[in-house]
Amino acid sequence: MTHRRRFLDHSARVAALLASAGLWPIAARAQAAVAYSTVAFAAHGSAAAYKALGMAQPTESTDVQLQAPDIAENGAAVSVTMSTTLPGVKRMLLLVENNPAALSAIADVSDAVEPSFNLRIKMGESSNVYAVAITGDGRALFARRDVKVTLGGCG
Amino acid sequence: MSEAMRIRAQAAGGKTTVRVLMSHEMESGQRKDAAGASVPAWHIREVVAALNGMPVLTMHWGPAISKNPFLQFNLKSAKVGDRISISWVDTKGDRRSDEAVVAAA
């Protein structure tokens, strides 16, 4: 099962690369993009989200950075910046452990984009927030910040 | 129909900073209305940024991105005059696409 998933994922990545290089037929471009994973975006907790994405649990690394407030006054809009100094990063993930669904965002980058993103996210309660960087050869590394929320942003 | 996205792309020191402010309710599906019923999830799920017509970034978003989403990212080597387009698709299938030109910072 994992082999098939990896093969499909690899095919999708090659297709996306060809598409971004302009070598893919225009009509097929819509199909070339990586599919939206509804399962991953509904998973409870980071471990379940990584599993749903078909990836190994990441290891902590100072090569990934996450800026987030220590205390967020308004859980409806918490500004976070995830970035990495690792070379060859193809994908970044942002997760909020204690949200109903932990996975908040996936960023698939081409070589034209720096692996660095500032986003505003909703946090339902105080929680660990994770930024994950995945390199082209499949290594997954993360940074973590503990963010306290005074007013939850989910309801 | 949503309002136009505000896109600012500024080139300085060999890199271009792109800031986007989108207009969208981004309902997570967790909220309850006055009658106590759950407001169904309705949010942007995919964002594609293109530089001069070529896609350079694809983001998939879950329900936890804030209302009226803000996104900031950097292009490694765009130049003044290059075109940036940002397109999104939401969970209802609605789409929006807006463009901006890279300006000097």
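Letters go in sequence order (proteins before strands), and every chain restarts at 1.
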Problem set entry | OG on B:S66 to CG on A:N74, rounded to 0.5 Å | 8.0 Å
Exercise. For A:R145, does the CZ atom sit with more than 12 other heavy atoms under 6.0 Å from it, leaving out its own atoms?
Worked result: yes
Exercise. Atom NE2 of B:H60 and atom CG of A:L93: how far apart are they, to the nearest 0.5 Å?
Worked result: 12.0 Å
Exercise. Which pair of heavy atoms, one from A:R120 and one from B:L21, lies closest together, and at what distance?
Worked result: NH1-CD1, 4.4 Å
Seminar exercise, completed: Here the pair of heavy atoms bringing A:F41 nearest to B:P63 is O-CD, 4.2 Å
Exercise. For atom CG of A:D111, is the number of surrounding heavy atoms from other residues, nucleotides or ligands below 6.0 Å larger than 12?
Worked result: no
For this session: Supply the atom-to-atom distance B:Q30 CD to A:N99 CG, rounded to the nearest 0.5 angstrom.
Result: 8.5 Å
For this session: I would like to know whether A:D108 and B:L57 meet side-chain contact (heavy atoms from CB on, under 4.5 Å); could you show each step before the answer?
Result: CA-CA 6 Å; A:D108 283 318; B:L57 167 67; 6.0 Å; no
Exercise. Which heavy-atom pair separates A:A105 from B:I65 by the least distance, and what is that distance?
Worked result: CB-CD1, 4.2 Å
Exercise. Is a side-chain N or O of B:K15 found less than 3.5 angstrom from the main chain of A:E114, in a donor-acceptor match?
Worked result: no
Exercise. Looking at CH2 of B:W61 and OG of A:S104, how far apart are the two atoms once the value is rounded to the nearest 0.5 Å?
Worked result: 11.5 Å
Exercise. Any side-chain heavy atom of A:V34 within less than 4.5 Å of one from B:T58?
Worked result: no
Exercise. What's the verdict on side-chain contact (heavy atoms from CB on, under 4.5 Å) for A:K122 and B:M26, showing C-alpha distance, side-chain angles and the deciding distance?
Worked result: CA-CA 10 Å; A:K122 296 194 276 262; B:M26 302 297 284; 4.0 Å; yes
Exercise. With a 4.5 Å heavy-atom cut-off, do B:M59 and A:L119 have their side chains touching?
Worked result: yes
Exercise. Hey, what do you get for OG (A:S110) to CE (B:M54), rounding to the nearest 0.5 Å?
Worked result: 9.0 Å
